[in-house]
Amino acid sequence: MSETSPKPTIAMDDLMALCKRRGFIYQASEIYGGIQGFWDYGPLGAQLKKNLRDAWWQDVVMNPCQGMAGPDGNPVRIVPVDTCIIQNPKVWEASGHVAGFNDPMVDCRESKARYRADHLMCLGEKGDTSGQIYAYVDNDDKSYATARKKLDKYKKRALSDAEIDTCPLTSLSADELKVTVGPDASEAGTLTEPRAFNLMFDTYPGPIRDEANKAYLRPETAQGIFINFKNVIDTTRVKVPFGIAQTGKAFRNEVTPRNFTFRSREFEQMEVEFFCHPSEAKDWYAFWRDWRMSWWKSLGLAGDNLILREHDKDELAHYAKEGAGTSDVEYRFPFTAPRFGELEGIAHRSNFDLKAHQNHPASTVKLEYFDQERNERYLPDCIEPSAGLDRGVLASLCEAYTPDESRPSKVFMKFHPRLAPIKAAVFPLVNKDGMPEVGEKLAADLRKRFGHLGAIEFDPKQNIGKRYARMDEAGCPFCFTIDGDSLTDQTVTVRERDTLAQERVSLDRAAAYVAEKLGLG
RNA sequence: GCGGGUGUAGCUCAGUGGUAGAGCGUCACGUUGCCAACGUGAAUGUCGGCGGUUCGAAUCCGCUCACCCGCUCCA
């Protein structure tokens, strides 16, 4: 990993100040002191985020893989869904989230170590209900030996195995915990009571707030796809291999929200679950991994700040253990540098999820797919490219932030034109002599043509330098200026954000100019 | 969860117990007319919040909230 970046690492504080100043991102509930792990998007941020989501929707769902054929030589097929944030809680039992997202943790005030409560065992002398208890990490011989040694020292004699009683830490009473010595502690009573880190948010649909009515806010959008797999198969004409895609909010009660919007408790995902025959899973995995990497590059996250990283075996998620692997598309954020933070994970989930839902006791549905061509019934394997929309936005903001002492704004946002929240601006050089009228008409024309892609600004106030500078900070790629000559020869000056170059184009060519620069031909 | 830091106008920050400030930005008017120019003027604050000490608190004390950094944690 290279420690040197071709671009100086920007200060996160400066970027955050710009995001506030220009209306990209605000702290959620700011007027009440904020709320940890939540962020709101302002006018420019909302459009930036929409543009990234739309780019994904277009390139992944509507024109899958930008028209590139899959490894089988056929066009890639994807259909969209939009599923609920709240589902029957059994969905999350089957998926493993209820068990996996509820690990009670224990902290040690002395050693500062944190343990999973269900990984801690305790030992003491058989029959002794008043003496000290010693905790150790389950299946850790060294930790066990340490606890035995501490007990022997406390009892002032070597106890035999037969004199030892063990039990899980979670079975101890509060009083017993007070006389328990932590695995890495010397004093008793330094362990906190086991605390559940509820990584899923609870909610209670219906009038009665009762455990029987407990439901969860989804921690990932993926399960909404898996539980609709049969519906999609039955009601559309898709055939394996194909993908189901959706974007939407997900919620995780992160222990430590950090780093601006990077680890938020409420965030938006863009996910595809791509189903294929197990024999083709490896090829599809490699295909998606490589194409997703190139997609992020195509949106301006090029260069050394973006890497594709294959997971080591020991960091694979529970659903990916059996699969062909997991890769991350990672971006070098200022706060991770020189290391990288995940933008998107491409995982081979094998048939983990379909199997889990099919096998859940409360589920009656058969999810096997009958493949006519192969004359074979099977549970498809699944390749999951799962991207973080908010992380993509954050990476785009970081990448776009370009200090430039030579220009009045001292900084400009070099967004890819496709992502830029303001597509173009129109300025009358002087707010009189017929220039505003010409400008307003041009702005209206551009709005009609490009308004669905982003804002078209019209600004007749103050001197031209200020207006250019404002657009630089907003990341607007093109500014059209109407001057005296425009009235006579029907031409305008277009000023390019990145190069500051000015070019004279005819008024009726202005829309074509923007279309070409946006890649719309 | 632990340790350190920060919190005053939209942004950056000054203000160590005595009337709430500056620069920039924003807005208006004038002038100018291709890069935050110039002139005049204006708006904008629960000094993060709550409580305490004090005749008097942005300032001292306690608690709390949020953000940043380092741990820890994170399928």
Side-chain angles (χ1 to χ4, degrees), chain A residues 11-23 26-39 42 95-97 99-103 105-116 190-193 195 197 199-200 219-220 222 252-263 265 311 314-321 326 334-335 341-342 345 347 349 352 384 386 404 406-412 427-433 435 460-473 479-486 492-497 500-502 504:
Chain A
M12 212 50 207
D13 288 351
D14 293 339
L15 175 63
M16 288 172 73
L18 183 140
C19 283
K20 173 75 190 293
R21 187 165 77 237
R22 285 295 158 195
Y26 311 125
Q27 194 179 5
S29 305
E30 193 181 56
I31 64 170
Y32 291 107
I35 176 167
Q36 201 181 13
F38 297 88
W39 300 88
S95 68
H97 288 84
F101 259 149
N102 276 296
D103 303 330
M105 306 297 282
V106 169
D107 288 310
C108 177
R109 295 187 196 94
E110 182 188 330
S111 68
K112 307 298 183 198
R114 172 173 289 171
Y115 313 93
R116 269 181 63 167
T190 63
L191 292 178
T192 62
E193 289 202 33
R195 276 176 293 220
F197 281 77
L199 293 178
M200 281 198 293
E220 63 175 21
R252 292 184 193 179
N253 193 8
E254 298 287 354
V255 177
T256 316
R258 269 298 159 84
N259 294 328
F260 203 19
T261 60
F262 184 78
R263 178 164 291 137
R265 289 180 166 146
H311 278 209
D314 59 0
E315 61 176 316
L316 290 177
H318 68 277
Y319 53 73
K321 294 267 190 251
T326 297
F335 47 80
E342 182 183 348
R349 293 178 80 123
F352 181 93
E384 177 196 71
S386 170
D404 181 354
S406 75
R407 58 176 84 198
S409 58
K410 307 294 181 202
V411 62
F412 68 107
F427 305 144
L429 186 57
V430 186
N431 195 16
K432 58 183 179 187
D433 301 335
M435 295 180 213
K461 301 286 182 108
Q462 300 177 315
N463 74 66
I464 194 74
K466 268 191 192 194
R467 288 178 275 168
Y468 285 150
R470 269 197 289 258
M471 286 301 105
D472 277 349
E473 276 204 336
C479 296
F480 292 95
T481 301
I482 319 294
D483 59 18
D485 295 341
S486 305
V492 292
T493 303
V494 54
R495 177 256 199 196
E496 212 184 24
R497 176 195 65 203
L500 301 181
Q502 299 202 352
R504 201 81 191 169

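Here is how names work: the chains are called A, B, and so on, in the same order as the sequence lines, proteins then strands, and each is numbered from 1.
Separating the OH atom of A/Y26 from the C1' atom of B/G10 is a distance of 9 Å, rounded to the nearest angstrom. The interatomic distance linking A/E30 (CD) with B/A9 (P) rounds to 11 Å, in whole Å. Residue A/E496 contributes atom CD, which lies 18 Å from atom P of B/C35 at whole-angstrom precision. Taking atom CZ of residue A/R22 and atom P of nucleotide B/C11, one finds them 12 Å apart after rounding to whole Å. For the pair A/K20 NZ and B/A9 C1', the computed distance is 10 Å after rounding to whole Å.
The same atom, P, is picked in B/C68 and in B/A28; the two are 35 Å apart, to the nearest Å.
Annotation: side-chain hydrogen bond (donor to acceptor under 3.5 Å, both in side chains) contacts of A/E342 (sequence neighbours excluded): none. Under the side-chain hydrogen bond (donor to acceptor under 3.5 Å, both in side chains) criterion, A/D483 pairs with A/S486, A/R504, sequence neighbours left out. For A/R497, there are no side-chain hydrogen bond (donor to acceptor under 3.5 Å, both in side chains) partners at least two apart in sequence or on another chain. Qualifying side-chain contact (heavy atoms from CB on, under 4.5 Å) partners for A/V430, counting only residues two or more places apart in sequence or in other chains: A/K432, A/M435. Taking the side-chain hydrogen bond (donor to acceptor under 3.5 Å, both in side chains) definition, one finds that A/R22 meets it with A/E473, sequence neighbours left out. Here A/F480 pairs with nothing under the ring-ring contact (aromatic ring centres under 6.0 Å, His included) rule; sequence neighbours left out.
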Table of protein N/O atoms under 3.5 Å from nucleotides 27-34 of chain B N/O atoms:
unit_1 : atom_1 : unit_2 : atom_2 : d
B/C27  : OP2    : A/Q462 : OE1    : 3.2
B/C27  : OP2    : A/Q462 : NE2    : 3.4
B/A28  : OP1    : A/K461 : NZ     : 2.7
B/G33  : N2     : A/L429 : O      : 3.0
B/G33  : N3     : A/L429 : O      : 3.4
B/C34  : O2     : A/Y468 : OH     : 2.7
B/C34  : O2     : A/Q502 : NE2    : 2.8
B/C34  : N4     : A/D483 : OD2    : 3.1
B/C34  : N4     : A/T493 : OG1    : 3.0

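In this structure, A/L500 reaches the bases: a heavy-atom distance under 4.0 Å links it to at least one base atom across the strands shown. Residue A/E473 is in base contact, counting any heavy-atom pair closer than 4.0 Å across all strands shown.
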With a cut-off of 3.5 Å and sequence neighbours excluded, list every side-chain donor-acceptor pair involving residues 29-39 of chain A.
unit_1 : atom_1 : unit_2 : atom_2 : d
A/E30  : OE2    : A/K20  : NZ     : 3.4
A/W39  : NE1    : A/F260 : O      : 3.1

Protein-proximity profile, nucleotides 62-69 of chain B, B/S/- by nucleotide at the 4.0 Å heavy-atom cutoff, equals ---SSSSB
